[in-house]
Amino acid sequence: MDMKEILTRLGYVRNQANLSARQLSLQLGKSPQYIAQIENGRIALTIERLLQILEICNFSVERFFSPNIQSHYEDKELVNLIMELSQDKKKNIIEFIRK
């Protein structure tokens with residue numbers, strides 16, 4: 001994942017939390033333009049700041065870095081369900097999908 005993807009995801013997280021860039025900036029104790037500048041790549045995003053943003057937005061680190069941020073919960077549930085299946089049922093599903 002490159003920095004452009006991280007910044008895109010940051011905007012997604014902020015929008016999911018129903019926060020404007022200004023509101024999030026102020027919650028971080030920064031200038032009203034701070035988040036907009038990060039999202040536009042004008043200010044470097046540190047790991048510490050990313051973690052603070054995720055905490056404010058009530059968004060897990062696991063979901064943020066998951067392959068598909070939008071379907072993270074569905075993907076995780078599907079994996080959990082598959083893990084609970086017997087070997088025979090797993091083989092049946094594999095055969096079904098391959099057809």
Side-chain angles (χ1 to χ4, degrees):
M1 181 180 309
D2 63 10
M3 186 53 91
K4 183 177 178 179
E5 175 69 16
I6 289 172
L7 296 179
T8 299
R9 287 175 177 234
L10 182 62
Y12 175 82
V13 166
R14 182 176 54 73
N15 287 323
Q16 289 294 299
N18 293 316
L19 291 172
S20 68
R22 183 180 192 285
Q23 290 169 319
L24 182 54
S25 296
L26 295 175
Q27 285 194 32
L28 288 166
K30 299 294 186 179
S31 72
Q33 303 83 17
Y34 181 74
I35 290 297
Q37 291 175 329
I38 287 177
E39 289 179 0
N40 291 320
R42 287 183 250 148
I43 294 177
L45 176 65
T46 64
I47 297 292
E48 179 182 6
R49 187 69 66 210
L50 175 60
L51 295 175
Q52 288 175 332
I53 291 167
L54 294 177
E55 184 175 332
I56 288 170
C57 295
N58 195 29
F59 206 94
S60 74
V61 173
E62 178 187 19
R63 182 176 178 200
F64 185 83
F65 288 105
S66 68
N68 189 331
I69 196 170
Q70 288 92 1
S71 67
H72 170 73
Y73 293 119
E74 292 85 0
D75 294 346
K76 188 174 180 179
E77 181 179 6
L78 185 57
V79 167
N80 288 338
L81 290 171
I82 290 170
M83 295 295 290
E84 293 172 4
L85 294 173
S86 68
Q87 284 301 109
D88 289 338
K89 287 183 180 180
K90 288 178 186 178
K91 288 177 184 178
N92 290 339
I93 290 173
I94 290 169
E95 288 175 20
F96 175 77
I97 293 172
R98 286 187 177 156
K99 291 181 180 179

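Numbers here are sequence positions counted from 1. Note that the structure is predicted; figures quoted are calculated from it, not measured. Values below: all heavy atoms of this structure, side chains included; hydrogens, waters and symmetry mates excluded.
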Practice task
List the steps and the verdict of side-chain contact (heavy atoms from CB on, under 4.5 Å) for Arg63 and Tyr73.
Solution key: CA-CA 8 Å; Arg63 182 176 178 200; Tyr73 293 119; 3.6 Å; yes

Could you pull out the closest heavy-atom pair between [X] and [Y], with the gap in Å?
| X | Y | value |
| --- | --- | --- |
| Met1 | Ile6 | SD-CG1, 3.6 Å |
| Gln37 | Ile43 | OE1-CD1, 3.0 Å |
| Leu85 | Lys90 | O-CE, 3.3 Å |
| Phe64 | Val13 | CD1-CG2, 3.6 Å |
| Ala36 | Ala21 | N-CB, 4.0 Å |

Handout entry: Pairs meeting criterion salt bridge (charged side-chain N to carboxylate O under 4.0 Å, His left out) with involvement of residues 70-80, two or more places apart
Key = Glu62-Lys76

Handout entry: Sequence neighbours excluded - salt bridge (charged side-chain N to carboxylate O under 4.0 Å, His left out) pairs with any residue from residues 1-20
Key = Glu5-Arg9, Arg14-Glu39

Exercise for the section: Check the surroundings of atom CG in Asn58: do more than 12 heavy atoms from other residues, nucleotides or ligands lie under 6.0 Å from it? Expected result: no

Practice task
Can you establish whether the number of heavy atoms outside Glu55 located under 6.0 Å from its atom CD is more than 12?
Solution key: no

[atom1] of [X] to [atom2] of [Y]: how many Å apart, nearest 0.5 Å?
| X | Y | atom1 | atom2 | answer |
| --- | --- | --- | --- | --- |
| Leu10 | Asn15 | CG | CG | 9.5 Å |
| Ile38 | Leu28 | CD1 | CG | 7.5 Å |
| Asn80 | Met83 | CG | CE | 8.0 Å |

Who else is in [X]'s hydrophobic cluster (ILVMFWY, side-chain heavy atoms under 4.5 Å, direct or via others)?
| X | value |
| --- | --- |
| Leu81 | none |
| Leu26 | none |
| Ile94 | none |

Practice task
Could you state whether Met3 and Ile69 fall into the same hydrophobic cluster, counting links through intermediate Ile, Leu, Val, Met, Phe, Trp or Tyr residues with side-chain heavy atoms under 4.5 angstrom apart?
Solution key: yes

Exercise for the section: Decide side-chain contact (heavy atoms from CB on, under 4.5 Å) for Leu19 and Ile56; before the verdict, give the C-alpha distance in whole Å, the side-chain angles of both, and the deciding distance to 0.1 Å. Expected result: CA-CA 10 Å; Leu19 291 172; Ile56 288 170; 4.1 Å; yes

Problem - Expected output: side-chain Ser25 to main-chain Lys30 donor-acceptor under 3.5 Å - result: no

Donor-acceptor contacts under 3.5 Å from residues 46-54 side chains, at least two apart:
| residue | atom | partner | partner atom | Å |
| --- | --- | --- | --- | --- |
| Thr46 | OG1 | Arg49 | N | 3.0 |
| Arg49 | NE | Tyr34 | OH | 2.9 |
| Arg49 | NH1 | Gln52 | OE1 | 2.4 |

